[in-house]
S.K.: 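Sharing a structure here in structure tokens format.
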Amino acid sequence: PMAEKLLIRALKGGKNTRIVTLNGKKITKMPSSLERLPGLRTLDFQNNLISKVCPEINTLTQLTKLNLGNNLLEEVPEEMKYLTSLRKLHLFGNRIYRFAPGACDGLQNLILLNLNNNQLTRIPEEVSRLKSLTYLSLNHNQLDSIPKELCFLNNLSELQLSYNKLVCIPEEIKFLKKLQKLHLVRNNIETLPEVSKKWNQIFLWLGKYSLRPNGEWL
């Protein structure tokens, strides 16, 4: 099949192979031969049938972008902690209901995490270890609360939490000094915390209403 041919070609490049793209190939299992590609920078397995990450992914310490969107994963894999160079992680459109213990441990360089369209009911406190994160998207999940630890991600500039079950926003949101965009469409939020100066700097999406950076409601 085509997927095998593409992989064989990538393996011939060995340490010099930088990109592997195997989109929509009905792959059910990540190939263990990935360990023979230590120089890989981008790995794209979007639109497949993968339910688990292969342990050999641990060797890809130079990987900067991993796309496992639209697969069958049920958790943010523990193996992510070994991908210490990773900057962009796409896990949208899976069946993810939890973060595996330790998954966040080695992701100090991660700037983008996309977990849209999953089944998360909570965000673990360990998310605070993602020190470089600037963009976090959790639209279309089952979240009913935000841990205050999320508010200690000092570099976060965009936070997407639309289509969840949130009833409130923690007051600690004021600690997100670099936050510029906050999406909260289709939740059950009654009131916002009293941090009016902070809201003046944020473009806030709350369904019908939007708040401009100058504090005017649209």
S.K.: Mind jotting down which residue pairs meet the ring-ring contact (aromatic ring centres under 6.0 Å, His included) criterion with at least one end in residues 59-82? Sequence neighbours excluded, please.
M.R.: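 Pairs touching residues 59-82 that pass the test: none.
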S.K.: For N16 and G14, indicate whether the former's side chain and the latter's backbone hold a donor-acceptor pair under 3.5 Å.
M.R.: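 Between the backbone of G14 and the side chain of N16 there is no qualifying donor-acceptor contact (under 3.5 Å).
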S.K.: Do L112 and L83 belong to the same hydrophobic cluster, where Ile, Leu, Val, Met, Phe, Trp and Tyr are linked whenever their side-chain heavy atoms lie under 4.5 Å apart, directly or via other members?
M.R.: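 Different hydrophobic clusters.
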S.K.: Is it the case that more than 12 heavy atoms not belonging to K81 sit under 6.0 Å from its NZ atom?
M.R.: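 It does: K81 NZ has more than 12 such atoms within range.
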S.K.: Kindly check if the number of other-residue, nucleotide or ligand heavy atoms within 6.0 Å of NZ (K25) is above 12?
M.R.: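 Enclosed.
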S.K.: For Q46, is there any backbone N or O sitting under 3.5 Å from a side-chain donor or acceptor partner on N71?
M.R.: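 Side chain of N71 to backbone of Q46, a donor-acceptor pair under 3.5 Å: no, none is there.
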S.K.: Could you tell me whether a side-chain N or O of N164 sits under 3.5 Å from a main-chain N or O of L143, the two making a donor and an acceptor?
M.R.: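 Such a contact is found between N164 side chain and L143 backbone.
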S.K.: Who passes ring-ring contact (aromatic ring centres under 6.0 Å, His included) against Y163, sequence neighbours left out?
M.R.: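 Result, ring-ring contact (aromatic ring centres under 6.0 Å, His included) vs Y163: H140.
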S.K.: Hey, could you give me the CG/CG distance between N155 and L133, rounded to the nearest 0.5 Å?
M.R.: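 If I round to the nearest 0.5 Å, the distance is 8.5 Å.
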S.K.: How close do N23 and F45 get, counting heavy atoms only, and between which atoms?
M.R.: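 Minimum heavy-atom separation between N23 and F45: OD1-C, 4.1 Å.
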S.K.: Please name all residues satisfying side chain to side chain contact (heavy atoms under 4.5 Å, CB included) with L49, sequence neighbours left out, ordered by chain then number.
M.R.: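 Partners of L49 by the side chain to side chain contact (heavy atoms under 4.5 Å, CB included) criterion, ordered by chain and then number, come out as K26, T28, L72.
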S.K.: For the backbone of A103 and the side chain of D105, can you confirm whether one donor and one acceptor N or O come within less than 3.5 Å of each other?
M.R.: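 A pair under 3.5 Å: no.
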S.K.: Salt bridge check, R98 against E75: does any charged N sit closer than 4.0 Å to a carboxylate O?
M.R.: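 Yes, charged N to carboxylate O under 4.0 Å.
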S.K.: Could you verify whether a donor N or O on one side chain and an acceptor N or O on the other, from N116 and S137, lie under 3.5 Å apart?
M.R.: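 There is such a pair (donor and acceptor under 3.5 Å, judged by atom type) between the side chains of N116 and S137.
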S.K.: Distance from L89 atom CG to L68 atom CG, nearest 0.5 Å?
M.R.: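 Taking CG in L89 and CG in L68, the distance rounds to 7.5 Å.
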S.K.: Mind checking whether L86 and I111 sit in one hydrophobic cluster, side chains of I, L, V, M, F, W, Y counted as touching below 4.5 Å?
M.R.: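 They do not share one cluster, since no chain of ILVMFWY contacts under 4.5 Å joins L86 to I111.
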S.K.: Go through the structure and list residues passing side chain to side chain contact (heavy atoms under 4.5 Å, CB included) with R36, not counting sequence neighbours.
M.R.: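 R36: side chain to side chain contact (heavy atoms under 4.5 Å, CB included) contacts with L11, S33.
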S.K.: Tell me, which pairs form a side chain to side chain donor-acceptor pair (under 3.5 Å) where one or both residues lie in residues 48-60, sequence neighbours left out?
M.R.: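 Those involving residues 48-60 do not exist here.
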S.K.: Taking R41's backbone N and O only, do any of them form a donor-acceptor pair with T64's side chain (distance below 3.5 Å, no angle check)?
M.R.: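 Yes: the side chain of T64 pairs with the backbone of R41.
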S.K.: Please check: side-chain N/O of N141 versus main-chain N/O of I96, any donor-acceptor pairing under 3.5 Å?
M.R.: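 The answer is no, because no donor-acceptor pair under 3.5 Å joins these two groups.
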S.K.: Return yes if some donor-acceptor pair links the side-chain N/O of N117 with the main-chain N/O of F92 below 3.5 Å, else return no.
M.R.: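 No, because the side chain of N117 does not come within donor-acceptor range (under 3.5 Å) of the backbone of F92.
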S.K.: Within the 4.5 Å heavy-atom criterion, are L153 and F175 side-chain neighbours or not?
M.R.: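 A side-chain contact under 4.5 Å is absent here.
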S.K.: Do you reckon L184 sits in the same ILVMFWY cluster as Y135, going by side-chain contacts under 4.5 Å, direct or chained?
M.R.: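 L184 does not cluster with Y135.
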S.K.: With sequence neighbours excluded, what pairs up with R18 under the side chain to side chain donor-acceptor pair (under 3.5 Å) test?
M.R.: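 None.
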S.K.: Do side-chain atoms of S162 reach the backbone of R186 as a donor and acceptor pair under 3.5 angstrom?
M.R.: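 Flag not set: sc S162 to bb R186 has no pair under 3.5 Å.
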